[in-house]
Amino acid sequence: MTPITKRRLQQFKANKRGLWSFWIFMVLFILCLGAEFIANDKPLLVSFEGKLHAPIFAHYPETYWGGDFETETDYRDPYVQELIDAKGWTIWPPIRFSYDTINYNLPTPAPSAPTFENWLGTDDQGRDVVARIIYGFRLSVLFGLALTLISSIIGVFMGAIQGYYGGKLDLTLQRVIEVWSSLPSLYILIIFSALFVPGFWTLLFILLLFSWVSLVDVVRAEFLRARNFDYVRAANALGVSNPVIMWRHVLPNAMVATMTFMPFILTGSITALTSLDFLGLGLPPGSASLGELLAQGKNNLQAPWLGFTAFIVLAVMLTLLTFVGEAVRDAFDPRKTSLGEG
């Protein structure tokens, strides 16, 4: 580990608010990565006739347990539970609902208020809110990470090409980016939603069309500045190829600004997906979506737990990411990681 990397880590740790936010967010994200082990309508482990089975990894027809149907087992069915309990036992996850499981035994019509079985109530289709939050949190973060990573790669590449070569290439690409950035992205999203079936990868592609420009100007400025440094000119004089110079000598300087902006790009990516789901232009109906839960809160004012829950989850998630971004910005601040500081 280089001395400057150590100093950046020390600066990151010095921001206690950002450090605690990072650990809290990582714990929540890691827990949600194993959502199937926390919230599922299938048992984690089933012992039947002396054999162990893991229904979350394999599908078993109801006839396997002595039932009547060849279809996949509904483990929440009391009849199936009696069949299994007669010859074995089951271990369930803490929440016996998946994101799309409908609870048909509600005490009141859906949306149902919080109960011992549904800790935060159900939505207007009888689906458990806690389960949908866990799966929706995972989906939102993974979508944001994918969009941030791919758009950053494209943005860094375009900015590097413009800044290093300059001239007519830089002017031409700048005009193209200016025209592209001025396009009404919301209307284009509406058109694409009408032409294609919305899905994870479809939305990722559509949002990627407009999100990659966010880093171009920053990286371009870094390459414009660094290409005139003495060590870059020396490498060029020694016959080192332009791609090698860009990769080894100039890109590390540009990555400082890139790493500083990435947490905020991640926040914007999650917000964009939530907004599209709220407007009904996002993921397919039935998907685990925080934006769809917000829309249900707006449409069911008589069920305040829907709106409050979605708002609190989004507020906590985005606040943690913002605090992490501030800590990363402090860590890469050249005034705080200069060689003169202890």
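These numbers come from a predicted model, not from an experiment.
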Taking the six-membered ring for Trp and the single ring otherwise, decide whether the centroids of His53 and Tyr64 are under 6.0 Å apart. yes
Indicate the ring-plane relationship of Phe229 and Tyr231, choosing parallel, tilted or perpendicular according to the 30° and 60° boundaries. tilted
When you look at OH of Tyr79, are more than 12 heavy atoms from neighbouring residues, nucleotides or ligands closer to it than 6.0 Å? yes
Report yes or no: does Thr122 contribute a side-chain atom to a donor-acceptor pair with the main-chain N or O of Ser112 at less than 3.5 Å? yes
So, Glu292 and Arg127, do they make that salt bridge, N to O below 4.0 Å? yes
Between Arg96 and Glu117, does at least one N-O distance fall below 4.0 Å, as a salt bridge requires? no
For Glu62 and Val80: C-alpha separation, side-chain torsions, deciding distance, then whether side chain to side chain contact (heavy atoms under 4.5 Å, CB included) applies. CA-CA 8 Å; Glu62 185 178 307; Val80 174; 4.1 Å; yes
Using ring centroids (six-membered ring only for Trp), state whether Trp89 and Phe48 fall under 6.0 Å. no
Flag yes if more than 12 heavy atoms outside Arg225 fall under 6.0 Å of its CZ atom; otherwise flag no. yes
Residue pair Ser152 / Leu215: nearest heavy atoms and the distance that separates them: OG-CD1, 3.6 Å
Phe157 vs Trp212, test: ring pair (Phe, Tyr, Trp, His ring centres under 6.0 Å). Steps then yes/no. CA-CA 10 Å; Phe157 176 78; Trp212 64 270; over 10 Å; no
Short question: side chain of Thr101, backbone of Ser98 - any donor-acceptor pair under 3.5 Å? yes
Cation-pi check, Arg17 to Phe323: give yes when NZ or CZ is under 6.0 Å from the six-membered ring centre and within 45° of the ring axis, no otherwise. yes
Taking Thr267 for the side chain and Leu321 for the main chain, is one N or O donor matched with an acceptor at less than 3.5 Å? no
Taking every non-hydrogen atom, the tightest pair across Val240 and Ile245: O-CD1, 3.5 Å
Any donor-acceptor pair under 3.5 Å linking the side chain of Asn118 with the backbone of Leu120? no
All heavy atoms of Val216 vs all of Met158, minimum pair found to be CG2-CB, 4.2 Å
Would you confirm whether Trp180, through its side chain, and Leu209, through its main-chain N or O, come within 3.5 Å as a donor-acceptor pair? yes
